[in-house]
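Remember, it's 1-based here, ligands and their atoms both numbered in the order they're listed.
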Amino acid sequence: MADITGIRTPFYLYDLDLLKKTVSLASSEAGRYGYYIHYAIKANNDPVISSIIRDRGLGADCVSGNEVRRSLEYGFSPDTIVYAGVGKTDEEIKLALSENIFCFNCESVEELEVIGEIARVYGFKARVALRVNPAIEAETHRYITTGLDENKFGISLPHLKKALDICSNSDEIEFVGLHFHIGSQITSLEPYRRLCERVNSIWIEFDIERSGGRILNLGGGFGIDYTDPENNPIPDFGSFFALFNRHLSLPAGTEVRFELGRSLVGQCGRIVTRVLYTKKGVGKKFVITDAGMTELMRPSLYQASHRIINATSTGNPEKYDVVGPVCESTDVFGKDVILPETARGDIIHILSCGAYAGSMTLNFNLRDSAPSFYESGGSILTQTDLQGLNLQNR
Ligand code: LLP
């Protein structure tokens, strides 16, 4: 890695070589079965990262009007954009209709009626996939499970027939298929196998083919290795897509799509932060970094654990609680972390911060926002450098 000790901390550092390798592999493994991937831009909406992904032919998966707008600005073609979310506003719906995005992933009967009404008033045709809540346990953290009855997401099975009827009786709505997303950071393939079985039976029970359903969007959620990212930087996309190929049985011609976020970008980012103090507590020592939960909320929000390394010390191993400077007791990156003896000024890296770190920043405590740098071919570049180099084919 190039020398980064002179750069003001904290900052995000993205490994573009790893990103390209990851996205190309995901794309080629999906391509074996004719599957298509939309990038869940909520994971990281950085312009360089998003453009690299767009250049590799992926579409965009959005959950707000601004994400739709931003994806268009980044050059994602409207016909590759899908748009989910349980609380789309009238303005957001209008925007997506007027930009002629590929489809809404519609989350309720009530929303479907509003989309139909707005399309009628403004003279648009709305393509709609119905997001179904399949009541499947995703075996992940409770806060990032989305496909259970208790979750707000999707249309539950008792209401699906009504939603299909609304579509078939509407001149403004074109039903394109079904959408599912059962959760995030799913590290076992078993929930996905159960999802395939559920999808197969829903397709038959609700006669999706006869209703005009030709798209099956299975969402995202494929997890990454937070424990050992250095040795496991790219998720096993081969096994992931092969599982769907093995277990889905759908009418010929059904297009299968995914919305991957974390698995594409999670391992390519890290937070680089400096030690402000090593503070002695009672029975423990704290390493206080200049990055905090404002740059990485995951540990305080979901008890997530990220690998933390000291990039500058070679001292003897010691145990520390690594904490940020923010005025919250949950501003803790890791408890009892073993690091080489750490001192003020040392550089700490928090790994696996490519997804849901930079896109979930807070400005609580009026903290400055952390900039991003990009590592490519052993050099550290800024966004301006990258534009200057005109790396179109990045
Ligand atoms: N599709 C839909 C409808 C989603 O809600 C999500 C993520 C994705 C796709 C992409 O999921 P992925 O492949 O990235 O797992 N902030 C949390 C994760 C929230 C995920 C929200 N939805 C975290 O840091 O773990």
Side-chain angles (χ1 to χ4, degrees), residues 22-23 26 30 35-45 49-50 53 58-64 67-68 71 81-88 102-108 111 129-134 136 138-148 151-155 178-189 191-192 195 215-226 235 237 240-241 244 257-269 271 293 295-306 333 350-362:
T22 307
V23 177
Y35 298 164
Y36 184 73
I37 308 173
H38 298 265
Y39 170 50
I41 197 163
K42 65 176 83 64
N44 190 322
N45 56 40
I49 290 186
S50 306
I53 294 176
L58 281 72
D61 158 43
C62 302
V63 285
S64 71
E67 283 192 356
V68 170
S71 301
I81 296 179
V82 295
Y83 175 21
V86 295
K88 303 176 184 82
F102 176 65
C103 80
F104 291 92
N105 290 330
C106 175
E107 308 238 9
S108 64
E111 177 196 327
L130 298 176
R131 176 172 181 176
V132 177
N133 183 328
I136 283 186
E139 296 170 24
T140 182
H141 192 280
R142 204 161 62 78
Y143 290 179
I144 47 177
T145 292
T146 49
L148 294 177
N151 300 128
K152 66 181 176 179
F153 297 102
I155 300 171
L178 298 184
H179 172 237
F180 298 82
H181 173 75
I182 57 172
S184 198
Q185 184 51 17
I186 300 169
T187 50
S188 150
L189 290 181
Y192 287 116
L195 175 62
I215 308 278
L216 166 64
N217 181 339
L218 290 155
F222 192 33
I224 61 170
D225 188 345
Y226 281 99
F237 291 111
F240 179 71
F241 292 115
F244 293 95
R257 301 181 176 215
F258 293 85
E259 300 167 341
L260 301 183
R262 186 191 321 260
S263 53
L264 298 178
V265 296
Q267 299 292 31
C268 84
I271 290 174
M293 63 188 285
E295 287 70 56
L296 176 66
M297 246 169 99
R298 305 193 66 258
S300 43
L301 207 51
Y302 330 103
Q303 295 99 37
S305 153
H306 286 243
F333 289 127
I350 305 172
L351 306 188
S352 313
C353 287
Y356 305 113
S359 61
M360 289 178 72
T361 54
L362 297 171

One residue to check: His181. Relative to ligand 1, which of side chain, backbone, both or neither has a non-hydrogen atom less than 4.0 Å away?
side chain
How are the rings of Tyr192 and Phe222 set relative to one another: parallel (under 30°), tilted (30 to 60°) or perpendicular (over 60°)?
perpendicular
Taking it one step at a time, do Asn105 and His181 satisfy side chain to side chain contact (heavy atoms under 4.5 Å, CB included)?
CA-CA 11 Å; Asn105 290 330; His181 173 75; over 6 Å; no
Side chain to side chain contact (heavy atoms under 4.5 Å, CB included), paired with Val265, selected from Val23, Leu260, Ile224, Asn44:
Asn44
Do any N/O atoms on His179 end up under 3.5 angstrom from N/O atoms on ligand 1?
no
Please list, in number order, the atoms of ligand 1 under 4.0 Å from a heavy atom of Met360.
16 (N)
In ligand 1, which numbered atoms sit nearer than 4.0 Å to a non-hydrogen atom of Arg131?
3 (C)
The side-chain hydrogen bond (donor to acceptor under 3.5 Å, both in side chains) partner of Glu107 among His179, Arg131, Lys88 is Arg131
Start with the C-alpha distance between Glu67 and Asn45, add both sets of side-chain angles, then the distance that settles side chain to side chain donor-acceptor pair (under 3.5 Å), and finish with yes or no.
CA-CA 8 Å; Glu67 283 192 356; Asn45 56 40; 5.5 Å; no
Gly221: numbered ligand 1 atoms lying under 4.0 Å from its heavy atoms:
11 (O), 12 (P), 13 (O), 15 (O)
Ser184 and ligand 1 - part of the residue with a heavy-atom distance under 4.0 Å:
both
Has Ala355 got any heavy atom lying under 4.0 angstrom from an atom of ligand 1?
no
Ligand 1 to Gly261 polar contact by distance, N or O atoms, under 3.5 Å
yes
Please compare Tyr226, Tyr302, Phe180 and report which has the shortest non-hydrogen distance to atom 17 (C) of ligand 1.
Tyr302
Counting from 1 in the order shown, the ligand 1 atoms closer than 4.0 Å to a non-hydrogen atom of Gly220 are 9 (C), 13 (O)
Only residue of Arg298, His306, Gln267 satisfying side-chain hydrogen bond (donor to acceptor under 3.5 Å, both in side chains) with Ser352 is Gln267
Of the side chain and backbone of Asp61, name the one, both, or neither that has a heavy atom under 4.0 Å from an atom of ligand 1.
side chain
Determine the minimum heavy-atom distance between Ser64 and Tyr83, stating which atoms define it.
N-CE1, 3.5 Å
Is there a nitrogen or oxygen of Arg298 sitting under 3.5 Å from a nitrogen or oxygen of ligand 1?
yes
Out of all atoms in ligand 1, which are within 4.0 Å of some heavy atom of Lys42? Include the element for each.
1 (N), 2 (C), 4 (C), 5 (O), 6 (C), 7 (C), 8 (C), 9 (C), 21 (C), 22 (N)
Assess whether side chain to side chain contact (heavy atoms under 4.5 Å, CB included) is satisfied between Phe241 and Ile37, documenting all intermediate values.
CA-CA 11 Å; Phe241 292 115; Ile37 308 173; 3.9 Å; yes
Under 30°, 30 to 60°, or over 60°: which ring-plane class applies to Phe240 and Phe244, parallel, tilted or perpendicular?
perpendicular
